[in-house]
Amino acid sequence: MAYDPTNIFARIVRGEIPCVRVYEDADTLAFMDLMPQSEGHTLVIPKVAGENLFDTPPGSVAAAILSTQRVARAVKAAFSPPGLIVTQFNGPAAGQTVFHLHFHVIPVYSAGGLRLHAREKADAATLEAHAARIRAALEGGA
Ligand code: 5GP
């Protein structure tokens, strides 16, 4: 499949639609998942166009993974979950629904406690409150 520059994350990178941002640098952006599977579910993306792990330039993948580690540390510090998973899907059969490379940072509070993938929108105030906690952890050096 050719990269579709109108996908939702490409539009977020271009600032055409809003997101609840927690972190940004020259190469990457991190923001709250609109339909979080748990409190603190955050997405990390490279800014460069790339549908998945296979067609994104290695330097951009590396930048996104470094930002994922940084954001995961901050999410852990902000929410103190007993567990945290990082996932990344390639292709519809694997569960990918947005075709711009992204890493999920998902705190896990109890076994089997995650909500279903991409189902239920969180309200804006909740996402903003969660993002504020993550930003504070980043600013505190997490
Ligand atoms: P995928 O299924 O491709 O791995 O994950 C896409 C993720 O993007 C899902 O977890 C879904 O909840 C999230 N998502 C879908 N549309 C939007 C949106 O417009 N804004 C944000 N912030 N997240 C979105």
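Start at 1 and go down the list; that is how both ligands and their atoms are numbered.
Interface of Leu43 with ligand 1, defined as ligand atoms under 4.0 Å from a residue heavy atom, comprises 8 (O), 23 (N). Close approach of ligand 1 to Ala118 is summarised as follows: ligand atoms under 4.0 Å from at least one heavy atom of the residue are 9 (C), 11 (C), 12 (O). Remark: ligand 1 atoms within the under-4.0 Å shell around heavy atoms of Phe89 are 4 (O).
Of all protein heavy atoms, the one closest to atom 2 (O) of ligand 1 is His117 NE2, 2.5 Å. Of all protein heavy atoms, the one closest to atom 18 (C) of ligand 1 is Leu34 CD2, 3.7 Å. Shortest contact from atom 16 (N) of ligand 1 to any protein heavy atom: Met35 CE, 4.0 Å. The protein atom (non-hydrogen) at minimum distance from atom 3 (O) of ligand 1 is Thr97 N, 2.7 Å. Looking only at heavy atoms of the protein, atom 8 (O) of ligand 1 is closest to Phe9 CZ, 3.4 Å. Closest to atom 19 (O) of ligand 1, if we only count protein heavy atoms, is Ile8 CG1, 3.4 Å.
Within the structure, ligand 1 lacks Phe99 among the residues with a heavy atom less than 4.0 angstrom away. Using 4.0 Å as the threshold, His102 has a heavy atom nearer than that to some atom of ligand 1. Taking a 4.0 Å cut-off on heavy atoms, Cys19 fails to register as neighbouring ligand 1. Within the 4.0 Å heavy-atom cutoff, His104 counts among the residues contacting ligand 1.
Distances from atom 13 (C) of ligand 1 to the heavy atoms of Val20, Ile17, Asp33 put Asp33 nearest.
Checked for salt-bridge contact, Glu128 and Arg135 meet the test: a charged N lies under 4.0 Å from a carboxylate O.
The backbone N or O of Gly91 lies less than 3.5 Å from a partner atom in the side chain of Gln96, making a donor-acceptor pair. In terms of modelled atom types and a separation under 3.5 Å, the side chain of Thr68 and the main chain of Ala64 share a donor-acceptor contact. Without hydrogens or angle criteria, Thr28 side chain to Ala63 main chain gives no donor-acceptor distance under 3.5 Å. A side-chain donor-acceptor contact under 3.5 Å links Arg14 to the backbone of Pro5.
The hydrophobic clustering, which links ILVMFWY residues whose side-chain heavy atoms are closer than 4.5 Å, places Leu114 and Leu84 apart.
When non-hydrogen atoms are compared, ligand 1 lies under 4.0 Å from neither the backbone nor the side chain of Gln88. Contacts between Phe103 and ligand 1 below 4.0 angstrom, taking non-hydrogen atoms only, are absent altogether.
Arg73 pairs in a side-chain contact (heavy atoms from CB on, under 4.5 Å) with only one of the listed residues (Gln69, Arg70, Lys76), which is Gln69.
With values rounded to the nearest 0.5 angstrom, Asn52 atom CG is found 11.0 Å from His100 atom NE2. In this structure, CG on Asp33 lies 8.5 Å from CG on Leu127, to the nearest 0.5 angstrom.
Note: no N/O pair closer than 3.5 Å links Gln96 and ligand 1 by distance alone. Backbone and side-chain nitrogen or oxygen atoms of Val98 are examined, and one is located within less than 3.5 angstrom of a nitrogen or oxygen of ligand 1. Considering backbone and side-chain atoms together, Met32 places an N or O closer than 3.5 Å to an N or O of ligand 1. Where the criterion is an N or O separation shorter than 3.5 Å, residue side chain and backbone included, Phe31 fails it with respect to ligand 1. At under 3.5 Å, not a single nitrogen or oxygen of His41, backbone or side chain, sits near a nitrogen or oxygen of ligand 1.
Taking the six-membered ring where tryptophan is involved, the planes of His104 and His41 are tilted, since the angle between them lies from 30° to 60°.
For the pair Ser60 and Val48, the tightest heavy-atom approach, listed with the atom from each and the gap, is OG-CG1, 3.3 Å. Contact detail for Phe89 and Gly95: the closest heavy-atom pair is CD1-O, 3.6 Å. Annotation for Tyr23 and Leu138: closest pair CB-CD1, 3.9 Å, computed over non-hydrogen atoms.
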